[in-house]
Amino acid sequence: MARRIIVDPITRIEGHLRIEVEIDDQNRVVDAWSSATLWRGFELILKGRDPRDAGLITQRFCGVCTYSHYEAATLAVEDAIGVVPPKNARLIRNLIQGAQYLHDKIVHFYHLHGLDWVDIVSALSARPDEAVDLARSVCETPYNCSVTHYEEVQKRLTAFVQSGRLGPFAHAYWGNPSYKLPPPANLVIASHYLDALSVQRVAAQMMALFGGKNPHPQTLVVGGVTSVMDALNTSRLGEYLYRLREVKKFIETAYLPDVLLAARYYKDEGIAGIGAGVKNYLSYGGFPLDDQWHGKLFPRGVILGGNLSQVYEIDEKKITEEVTHSWYEGQGAVHPYDGETRPNYTGFDEQGNLKGSEKYSWVKAPRYDGKPMEVGPLARILVGYASGDKKIRELVDGLISKTGLPTEALFSTLGRTAARCLEAKLIADNVEGWVLELVSNIKAGDQRTWTRCDIPKSAQGRGMTEAPRGSLGHWIRIENKAIANYQAVVPSTWNASPRDEKGQRGPYEEALIGILLANPDQPLEIIRTIHSFDPCLACAVHIIDPRKSTIREFKIQ
Ligand code: NFE
Ligand code: MG
C-alpha cells in the first residue's frame, strides 16, 4: 500500500520548504510534491519606487545570494536605459560575484550538505593513520592532514557528543545504511567540515573588500560601481589576492579531494542516475569576460532531455511563469514582463495534508518553452561541457578520469554535488586573472568605474545572470520614471517549482522519483537529493505579507 512521508521543514536551507512523497511497498518514491510554506513580498514592495533602488531592495530577498540580486536588478535597469558599464566595473562585479560563489559553495558542501554524505559517529571510530593514507590517495598534499590533527578532531567531536549539546550534529540519521563512506573517509571530511568554518569567513571577507560589506554589499550603482578607491589601492587588491590563495588552497586540497572520496564510495548511485530529475538544463550565462559582455565564463544555452550532443540558444520569449498549483491568482503561462503577483492562499487540509490536486506552494512554476528546467551548477557545467568550452571540458574530463565514472553519471545527485565543486575550482582559477586585468587596465590610464545615465520616462529591461544556485532573471517595467512592474524568476523558483497546468513536476519533485529509502522513518535519501540543489526558498518566494496575517502556527518542543 502506498504511504505518504512529509518532511517539514527541510533544515539546512534558507527559507521554508516542505517535501511530501508517496512511497510504494518497497519504500521507493513514486510521487513527490515540493511546497514553499512561507510568503514574502518584494515584487509588490518594488512598485512605485525609483528603479535605481531596485538593487538595494532586491538583494534583501536573501542573506546568501545577496549580490546576485543586486547585480540582476542593476543589469535590468541598465538594460532598460541602454547603458553599458565600463570595463573596470565589469571586472569588479566579477570579483564580488566570484567571492560570493566561493563562499557559497564551501558553506554548502560542508555545512549544509555534508552531513547527508558523512556519518559523524562513524568518524569517531576511524583510525587516524588510515585517514591520513586515505586523504593522500586523493590528493598529494591534503589540507590539514596528520595523525595528530585527526586525533584532535576526534577529541573535539567526542567532547561534542559527550556534552549532549550536539548543535549542528543533533537529530541526524547516524548509522543509516545509506551512509556509504568508511570511517576514515568520514573522519577526513568531518575534519574539513571544521576547517571550512574558518575558510568560509575568509571568502566572505573577499566579497566585502569590493562590496563594502557582507552579506549585503553596497557598491553597485546603475551604470557601474562605486569601489573606485578600492580598485586604485594596491594593498586592497593584495588583501583580496591573499585571501583568494587561502580559499583556493582549501578548494584544491580539501573540497575537490573530498568530492573524489564521495564519488568513490557513492559511485553506484551516480551510475544508477539517482536523483537526476527533469534532465532539462538552462544557463543564462555568467561572468562576462569581454567588453561586449558576450563571452562568458559560464556559457549560455539550453539542454533538453539529457542530450549533450545539442545545445540550444535561449529564446527569452519562451520563459514563462504560471500559478496553476501556486497560491496566487492568475491563469496561463505568462512572460515575466507581463507577470503578476496576486496572493491567494488556500492552504493544506485540516490535518495539514495536501488538498488533492490543488494549489500547494508559494513558489510559482517557471517553464522554458513549456518545460520544467533544472538550473544551477549541474546545468552550467553540462551546458559548458556540451558547448565545448575548453576550461569546463578539462574540469569534467579530469573528474571523469579520476573517478572512473561515465559522463552520464553526472545526471544524478552525486553529479550535481560534484558539478558545484568543479565550478568552485573554475572560479578560484579565474578570479586572479580578473584582478590582474583590472590592474593593467588602470595602469593603462582607464580609471572609469561608472557611466552617467538617467532613468527614462518609460522603458523596460531585464537583467540575466548566473547566481550560485542558477539562472537568475529580473524583469522591470518603468513608467513615469518609477517601477510599474517587477518580476524576479530566481534559481530556486525554477528548481523548487510545483507542477504546472500540464501536471509536469518541477525539478525537485522529479529528482525524487524512484529513490529507494533504506528506512522510511529516516528520509536521508530525500534530504540528500533536495540538498544537492542547495534550496533557497527565501529567494524563491521573495514575498512578504504586508498585513502580517498568521498563516500557520508552530509549536517547537
Ligand atoms: Ni537565496 Fe539565490 C542563489 C538567487 S535563490 S540564494 O544562488 O538568485 O535560488
Ligand atoms: Mg517572482
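For ligands, and for the atoms within them, numbers begin at 1 and follow the listed sequence. All figures in this text were calculated on a predicted structure; none of them were measured in a lab.
Looking at E316 and R300, a side-chain N of the basic residue comes within less than 4.0 Å of a carboxylate O on the acidic one, giving a salt bridge. Under 4.0 Å is where a charged nitrogen must lie from a carboxylate oxygen, and between R416 and E269 no such pair does. Salt bridge D31/R505: present, at least one basic N to carboxylate O contact under 4.0 Å. Between E322 and R367 there is no salt bridge, since none of the side-chain N atoms of the basic residue sits less than 4.0 Å from a carboxylate O of the acidic one.
Heavy-atom proximity to C536, at under 4.0 Å, picks out these atoms of ligand 1: 1 (Ni), 5 (S), 6 (S). Less than 4.0 angstrom separates some heavy atom of A467 from each of these atoms of ligand 1: 3 (C), 4 (C), 7 (O), 8 (O). The atoms of ligand 1 that sit less than 4.0 Å from any heavy atom of S492 are 5 (S), 9 (O). Under a 4.0 Å criterion applied to the non-hydrogen atoms of L472, ligand 1 contributes the atoms 8 (O). The ligand atoms of ligand 1 that sit less than 4.0 angstrom from a heavy atom of P468 are 7 (O). Atoms of ligand 1 lying under 4.0 Å from at least one heavy atom of C62, given by number and element, are 1 (Ni), 6 (S).
Nearest protein heavy-atom neighbour of atom 5 (S) of ligand 1: C539 CB, 3.1 Å. Among all protein heavy atoms, the one lying closest to atom 2 (Fe) of ligand 1 is C65 SG, 2.3 Å.
Within the structure, ligand 1 lacks E14 among the residues with a heavy atom less than 4.0 angstrom away.
Under the side chain to side chain contact (heavy atoms under 4.5 Å, CB included) test applied with F210, the options L91, D230, V225, V435 reduce to a single match, D230.
Among the atoms of E43, an N, O or S atom falls under 2.8 Å from the Mg ion (ligand 2). At a cut-off of 2.8 Å, A488 coordinates the Mg ion (ligand 2) through an N, O or S atom.
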